[in-house]
Amino acid sequence: QVRVVESGGGLVQAGGSLRLSCTASGRLFSTIVMGWFRQAPGKEREFVAAINWNGASTYYADSVKGRFTISRDNARSTAYLQIHSLKPEDAAVYFCTADGPLYDNGDYSPYYWGQGTQVTVSS
């Protein structure tokens, strides 16, 4: 079992920036894939980004590419999602995910999920 905890959500003006953080414990952090999904009200959960075990490979949904950056600090057992140029459609609950297969085409099926952190975008 892996415990996943994300934080950093909040209310940000459209065009602004935000950084989400995520810790994962219960397994050696440096061996597992980390990622982010999001779910807006009335919509299905969607993939946002993922990063492989050593940070060498990253994957992004087309909707966030160029604005979001996923990174990890294995020494701190922490993954991050740096968000820039926030759009109203970015408003959602953001879920950090851990472990599970990550394929070269970006397909990712996480095994563990955090509780979510709310990102709200004002206009």
Side-chain angles (χ1 to χ4, degrees):
Q1 187 73 16
V2 175
R3 174 177 164 83
V4 181
V5 180
E6 62 271 78
S7 62
L11 174 63
V12 182
Q13 187 77 23
S17 298
L18 197 66
R19 187 177 72 165
L20 308 182
S21 300
C22 176
T23 60
S25 60
R27 185 177 173 183
L28 187 63
F29 183 84
S30 62
T31 68
I32 61 174
V33 169
M34 299 294 294
W36 295 89
F37 286 72
R38 67 186 183 185
Q39 187 167 25
K43 295 186 177 181
E44 295 183 355
R45 185 181 298 133
E46 64 175 337
F47 169 77
V48 175
I51 187 167
N52 81 329
W53 66 274
N54 65 357
S57 299
T58 57
Y59 305 88
Y60 299 93
D62 288 341
S63 59
V64 307
K65 195 172 298 181
R67 300 187 298 117
F68 290 20
T69 301
I70 188 170
S71 61
R72 66 191 298 158
D73 184 344
N74 286 348
R76 294 179 177 269
S77 297
T78 302
Y80 304 94
L81 187 69
Q82 181 67 54
I83 304 172
H84 294 295
S85 302
L86 272 163
K87 302 176 179 180
E89 54 263 42
D90 293 322
V93 176
Y94 282 72
F95 298 92
C96 182
T97 64
D99 213 348
L102 174 62
Y103 299 99
D104 190 59
N105 65 356
D107 287 345
Y108 175 42
S109 299
Y111 292 161
Y112 303 100
W113 296 73
Q115 79 289 345
T117 186
Q118 177 73 53
V119 174
T120 304
V121 182
S122 63
S123 60

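For reference, positions follow the sequence shown, starting with 1.
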L81 side chain near V48 side chain, heavy-atom distance below 4.5 Å:
yes
Heavy-atom nearest pair, G9 first then L20, reads N-CD2, 3.6 Å
Can you tell me how far CG of N54 sits from OG1 of T31, rounded to the nearest 0.5 angstrom?
11.5 Å
Run the ring-centre check on W53 versus F29 and record whether the distance is less than 6.0 Å.
no
For S7, does its backbone N or O pair with a side-chain atom of T117 as donor and acceptor, under 3.5 Å?
no
Beyond-backbone contact of Y112 with Q1, side-chain heavy atoms, under 4.5 angstrom
yes
Can you tell me how far apart CD1 (I83) and OG (S17) are? Round to the nearest 0.5 Å.
9.0 Å
May I ask you to check whether Q115 and E6 show a side-chain donor-acceptor distance below 3.5 Å?
yes
Inter-residue atom distance D90.CG - T120.OG1, 0.5 Å rounding:
11.5 Å
So CD1 of I51 and OG of S57: to nearest 0.5 Å the spacing works out to 8.5 Å
Can you find a heavy atom in the side chain of T23 that is under 4.5 Å from one in the side chain of R3?
no
Given the rule in the ring-ring contact (aromatic ring centres under 6.0 Å, His included) test, do F37 and W113 qualify, once you have shown the distances and angles that lead to the verdict?
CA-CA 9 Å; F37 286 72; W113 296 73; 4.9 Å; yes
Count the heavy atoms of every other residue, nucleotide or ligand shown that sit under 6.0 Å from CZ of R45, and state whether that count exceeds 12.
yes
For D107, all residues meeting salt bridge (charged side-chain N to carboxylate O under 4.0 Å, His left out), sequence neighbours excluded
none
Could you tell me which non-hydrogen atom of A92 sits nearest to which non-hydrogen atom of Y94, and how far apart they are?
O-CD1, 3.4 Å
For residues Y60 and F95: do they belong to one hydrophobic cluster (side chain heavy atoms under 4.5 Å, members Ile, Leu, Val, Met, Phe, Trp, Tyr)?
no
Decide yes or no for I70 and Y80: does some side-chain heavy atom of the first lie under 4.5 Å from some side-chain heavy atom of the second?
no
Taking a hydrophobic cluster as the set of Ile, Leu, Val, Met, Phe, Trp and Tyr residues connected by side-chain heavy atoms closer than 4.5 Å, whether directly or through intermediates, do W36 and V33 fall within one such cluster?
no
Donor-acceptor pair, distance only, cut-off 3.5 Å: does the side chain of R67 make one with the backbone of S85?
yes
When rounded to the nearest 0.5 angstrom, what distance separates CE in M34 from CG in N74?
9.5 Å
What about V64 and L102, same hydrophobic cluster or not, with Ile/Leu/Val/Met/Phe/Trp/Tyr joined at side-chain heavy-atom distances under 4.5 Å?
no
Does a side-chain heavy-atom distance below 4.5 Å link V12 with V121?
no
Where do Q13 and S123 come nearest, in terms of heavy atoms and distance?
NE2-C, 3.1 Å
Would Y59 and F47 satisfy side-chain contact (heavy atoms from CB on, under 4.5 Å), going step by step from the backbone distance to the final call?
CA-CA 10 Å; Y59 305 88; F47 169 77; 4.3 Å; yes
Measure across I32 and A98 and return the closest heavy-atom pair with its distance rounded to 0.1 Å.
CD1-CB, 4.0 Å
What distance separates T58 OG1 from R72 CZ, expressed to the nearest 0.5 Å?
11.5 Å
Do Y103 and S109 meet the criterion of a side-chain donor-acceptor pair at a distance under 3.5 Å?
no
Considering only heavy atoms from C-beta outward, does the side chain of R38 approach that of S63 to under 4.5 Å?
yes
Joint hydrophobic cluster, V93 plus V119, side-chain heavy atoms closer than 4.5 Å
no
Of the non-hydrogen atoms in Y108 and P101, which two are nearest, and what is the gap between them?
CD1-O, 3.2 Å
K87: salt bridge (charged side-chain N to carboxylate O under 4.0 Å, His left out) partners, not counting sequence neighbours
none
